[in-house]
Amino acid sequence: MIQITPLTHFNEWLAAQKISLAFTTYQTNRLFLIGLKPDGRLSVFDREFDRPMGLFATPESLVMSTCYQIWQFDNLCREEVGDYLGYDKLYVPRIGYTTGDINTHDLIVDKSQNWVFVNTQFSCLATRDRDYSFRPIWQPPFISSLAAEDRCHLNGLAMVDGEPAYVTACSQTDIPAGWRSHRSGGGCIIDIRSNEIICSGLTMPHSPRFYQNKLWVLNSGTGELGYVENGQFQAIAFCPGFVRGLAFHNNYAIVGLSKPRHENFQGLTLSDRLSAQQQQPQCGLMVVDLNTGNIVQSLIFEEVVKELFDIAVLPGVRQPRALGFQTDEIERLVTFPGSSIISIRPGIHQPPETSVKVSESLVPAVIGTEKLETAAAAFDRGRDLQKQRKLEEAAAYFQEAISLDRNYIPAYNNLGNLLQLQGKIPEAIALLQRAIEINPNQAATRCNLASAYLLQGNIAAAKAGYEETLRLDPNFYLAYLNLGKLHASRQETTIAEGYLREALRLKPDNTEVRTALESLTSGKPTLLNPPRQPEETRYPVKYQAVYNLTADNISAYDAFTFPSLQKRWQTQIKRGEIVGISATISHQMVGMAIAEILPESQNPPSLYASIISCYVVPHHRHQNIGTTLIGNLEKELIKVGCQRVEISYKSSELTAVALEPLLKKRGWLPPQTTFLLAQTTTKKIAEAPWLHKYPLPDSFTVFPWSELTAQERQAILQQGEYPNPLNPFSDESRIEPLNSLGLCHNGEVIGWTIAHRVAPNTIRYSSLFVRKKYQKLGRGISLLAASIKLQIDSEIENCTFSVAADNEPMLSFLNRHLRPYLTGIGSSRIAVKLLQKSLGFTKASNS
């Protein structure tokens with residue numbers, strides 16, 4: 001968490017100047033971009049780089065030095081492309097130049113588009129050279145030779161008319177690290193065009209800049225901003241910190257402050273001056289009025305960030321963003337002529353901004369809104385925009401209403417609801433809590449806050465909030481409805497029915513209330529749905545096809561998969577191409593459906609698909625997102641030639657009320673039970689007496705399946721007596737060697753029981769087969785008993801049994817011999833959809 005304290009009107013100042021700011025901090029390895037969000041709040045965006053220092057801005061680029069490279073970032077949000085996620089500048093690293101660790105400080109782009117940079121390690125100015133790490137172009141007259149010795153701590157560079165003109169150095173020494181003994185009073189400014197020292201006696205000067213026909217410089221060791229006149233430094237402002245990093249806009253200087261490091265900066269005038277004024281050193285940005293020298297604005301970092309290096313002003317930029325190398329954005333985003341910025345697959349790591357705590361939770365400035373005279377007028381304008389589904393603009397006007405009247409409760413309520421819909425639950429809670437501080441007796445605000453807690457998963461706080469709502473307003477039907485659903489989800493049926501009937505009394509025609517009550521009284525599970533929002537407040541859902549998924553890169557999406565695909569790949573191999581559909585709301589990923597495309601075993605060959613995951617985040621369920629995900633996935637499968645799609649799943653209460661109605665709505669065939677799934681433990685199954693009742697005659701032998709010979713394998717395949725579901729050679733990579741067994745009669749293999757390790761502590765008994773003439777003799781029971789006893793003697797505690805739904809003998813065995821010793825029983829089901837028939841797809845014929 002980065003804590004920032006802006007001066008009261010800092011946001012308004014940024015808005016009035018129509019600028020954003022960029023700055024570097026090598027202490028925390030970050031490039032920061034400061035702008036304003038559409039609602040007027042501060043936008044603080046950062047990306048991590050290795051020791052970023054020098055920074056230079058052109059209208060469409062940033063150039064930045066790092067530990068051993070210089071990078072050019074180009075803006076992708078040009079006029080023909082448009083904004084990206086609301087950001088009007090998106091800086092992408094496009095050109096990198098490797099210098100080696102030469103301690104590059106200031107840099108510029110001259111009028112010929114050459115990069116000129118201060119090579120501090122070698123005490124010179126340098127530029128790029130395709131054959132070398134750098135090409136020296138100037139060195140101070142007192143530096144006798146180039147060596148990696150940081151002799152004078154050359155650090156700053158200023159341009160005049162697009163050409164390098166002035167540099168700063170901390171001393172005029174020509175010995176290794178000689179500047180460290182001359183930090184106080186040894187600094188100077190050099191005119192590189194004449195090789196003259198035009199100002200001396202400075203204390204660790206930095207950041208020379210030529211602006212409004214004056215040469216400005218920061219006398220870092222004294223904490224002063226000033227300019228050079230007649231060879232003398234004229235200070236105009238004192239700032240409480242080690243000043244480094246300087247930029248200008250209109251009649252303002254933006255100065256960077258750092259907290260001095262004691263080991264390097266002790267004994268400086270700055271320390272004495274801070275002590276005399278009883279001030280603590282600060283880190284941040286200060287805005288100085290060039291006419292008066294007064295500090296008119298500031299942005300202070302309270303923790304984490306302690307040192308800044310360079311600053312750049314971004315004129316005409318509202319909210320900038322950059323790509324780095326630590327997140328997946330740089331892999332996903334592409335552009336080409338005639339296109340907008342395209343994401344080839346959805347992003348995962350949201351939100352993109354740094355976690356920032358700003359000292360004031362509500363900022364008075366609102367950008368992009370018409371200034372209205374009253375809070376009510378701003379609120380009404382926001383409501384109109386809300387009904388038009390212009391939700392970002394609506395949010396800005398609600399914020400404007402709050403800035404006009406800090407006690408205007410309706411604006412808090414509506415803005416809080418919009419934040420919930422964006423998935424910004426903590427922000428919504430903070431806003432609604434502030435509204436309750438203003439007026440604790442507003443039932444609507446209490447209900448909204450309870451709903452925010454519900455979305456956060458804080459059930460206790462939600463319940464208390466709804467109950468307090470009813471204390472304030474006994475006729476608030478939404479509180480009754482949500483309390484009914486909440487208690488129903490906890491199987492507290494009697495309490496739930498009482499609340500729902502009260503909601504029905506108040507709203508006898510409300511469909512949602514009736515549905516919830518019918519579900520409860522019919523014995524069907526009642527899901528705890530998120531509170532329904534008015535139609536005009538819902539953010540649109542965007543769907544995107546995702547190709548080129550692999551077992552490796554899909555792991556990044558594991559939080560959006562159910563069942564977990566990461567666990568799937570641990571026990572199963574990827575068999576075909578994977579395609580997915582993602583759903584995003586307000587740039588936040590909220591769901592994903594994924595299918596694996598496979599070949600059909602028929603002639604002529606064709607393709608089918610198996611849906612292996614479908615997931616929607618909890619607080620966006622029951623909004624038709626899952627149904628639309630499946631529908632879009634079906635369309636993508638048609639495009640690649642799939643003729644049918646299927647989904648296999650373990651039946652449960654959740655699939656009964658969520659998945660199966662969805663499939664029915666999409667026109668799938670009714671699901672069919674394929675297997676019964678029985679679960680137990682070794683401790684429980686060990687109680688079964690039949691494990692010891694059926695010894696095998698001497699003519700039968702049991703052997704480890706892993707010892708099956710190639711000749712025996714070939715014989716089994718040639719005979720082919722077994723049904724395909726009992727094929728002992730399917731999924732061989734997961735066969736459990738502990739207790740997968742074969743059965744021989746007079747030396748011939750006549751049966752097997754195959755077990756698979758499906759979890760570290762669970763074995764599934766997948767296949768039990770003996771030839772037909774041996775089945776009535778109970779040889780299969782003897783074989784299964786031998787396998788189970790081997791597991792009982794091991795440390796693997798859990799076992800499951802899968803029995804095909806059409807295997808009548810095994811179903812009978814399960815009911816007679818297994819059921820008394822089970823801890824649970826369920827079923828595996830499969831649903832199928834013929835894509836050509838159900839979606840009107842026909843294959844094109846050859847002409």
Side-chain angles (χ1 to χ4, degrees), residues 491 562-564 566-568 570-572 648-655 673-696 700-707 725-726 728 730-743 751-770 775 777-805 807-829:
Q491 287 78 50
F562 181 82
S564 168
Q566 194 166 9
K567 292 182 180 178
R568 177 190 180 93
Q570 291 173 2
T571 56
Q572 299 185 40
S648 297
Y649 58 94
K650 184 178 178 181
S651 182
S652 66
E653 289 185 352
L654 182 61
T655 59
T673 299
T674 54
F675 288 92
L676 291 185
L677 305 173
Q679 304 93 38
T680 190
T681 63
T682 52
K683 182 178 180 180
K684 186 74 174 174
I685 196 67
E687 299 171 1
W690 58 265
L691 290 177
H692 312 284
K693 273 188 176 182
Y694 303 98
L696 287 167
F700 292 87
T701 57
V702 175
F703 67 94
W705 189 251
S706 59
E707 297 178 5
L726 301 183
S730 62
D731 203 5
E732 288 189 272
S733 63
R734 287 195 299 152
I735 287 180
E736 175 56 53
L738 170 71
N739 60 340
S740 291
L741 305 174
L743 179 64
W752 53 80
T753 179
I754 304 298
H756 290 92
R757 181 75 70 96
V758 294
N761 203 28
T762 304
I763 288 176
R764 183 184 72 205
Y765 293 80
S766 307
S767 171
L768 175 63
F769 172 80
V770 293
Q775 291 175 5
L777 300 175
R779 304 305 180 225
I781 297 178
S782 301
L783 182 60
L784 180 61
S787 179
I788 292 173
K789 285 189 283 186
L790 287 171
Q791 182 179 350
I792 291 171
D793 292 337
S794 76
E795 296 181 354
I796 304 170
E797 297 176 352
N798 302 313
C799 45
T800 66
F801 304 89
S802 60
V803 180
N807 190 336
E808 292 295 337
M810 280 305 299
L811 290 176
S812 176
F813 173 81
L814 184 148
N815 286 319
R816 290 178 57 193
H817 297 287
L818 284 177
R819 190 177 287 273
Y821 309 101
L822 297 179
T823 57
I825 189 166
S827 64
S828 176
R829 312 193 83 187

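Nothing here was measured: the structure is a model prediction, and the numbers come from that model.
Separating the CG atom in L738 from the CG atom in L741 is a distance of 8.5 Å, to the nearest 0.5 Å.
Between R734 and R764 the shortest side-chain heavy-atom distance falls below 4.5 Å. In this structure, W705 and I754 have side chains that are in contact, with non-hydrogen atoms separated by less than 4.5 Å. T681 places none of its side-chain heavy atoms less than 4.5 Å from the side chain of E797. Residues N798 and Q679 have side chains not in contact (no heavy-atom distance under 4.5 Å, counting atoms from C-beta outward). The shortest side-chain heavy-atom distance between H756 and E736 does not fall under the 4.5 Å cut-off. For the pair R829 and T674, the minimum side-chain heavy-atom distance is 4.5 Å or more. Proximity of L818 to I685: side-chain heavy atoms (C-beta onward) are separated by under 4.5 Å at one or more points. Taking 4.5 Å as the limit, every side-chain heavy atom of T682 sits out of range of all side-chain heavy atoms of I796.
For the pair S782 (side chain) and Y694 (backbone), a donor-acceptor distance under 3.5 Å is present. With hydrogens and angles disregarded, a donor-acceptor distance shorter than 3.5 Å links the side chain of S740 to the backbone of A755.
Under the ring-ring contact (aromatic ring centres under 6.0 Å, His included) criterion, F675 pairs with no residue, sequence neighbours left out. Residues meeting the ring-ring contact (aromatic ring centres under 6.0 Å, His included) test with Y821, sequence neighbours left out: none.
Pairs of residues two or more places apart, or lying in two chains, that qualify as side-chain hydrogen bond (donor to acceptor under 3.5 Å, both in side chains) and include a residue from residues 785-796 are N739-S787, Y765-Q791.
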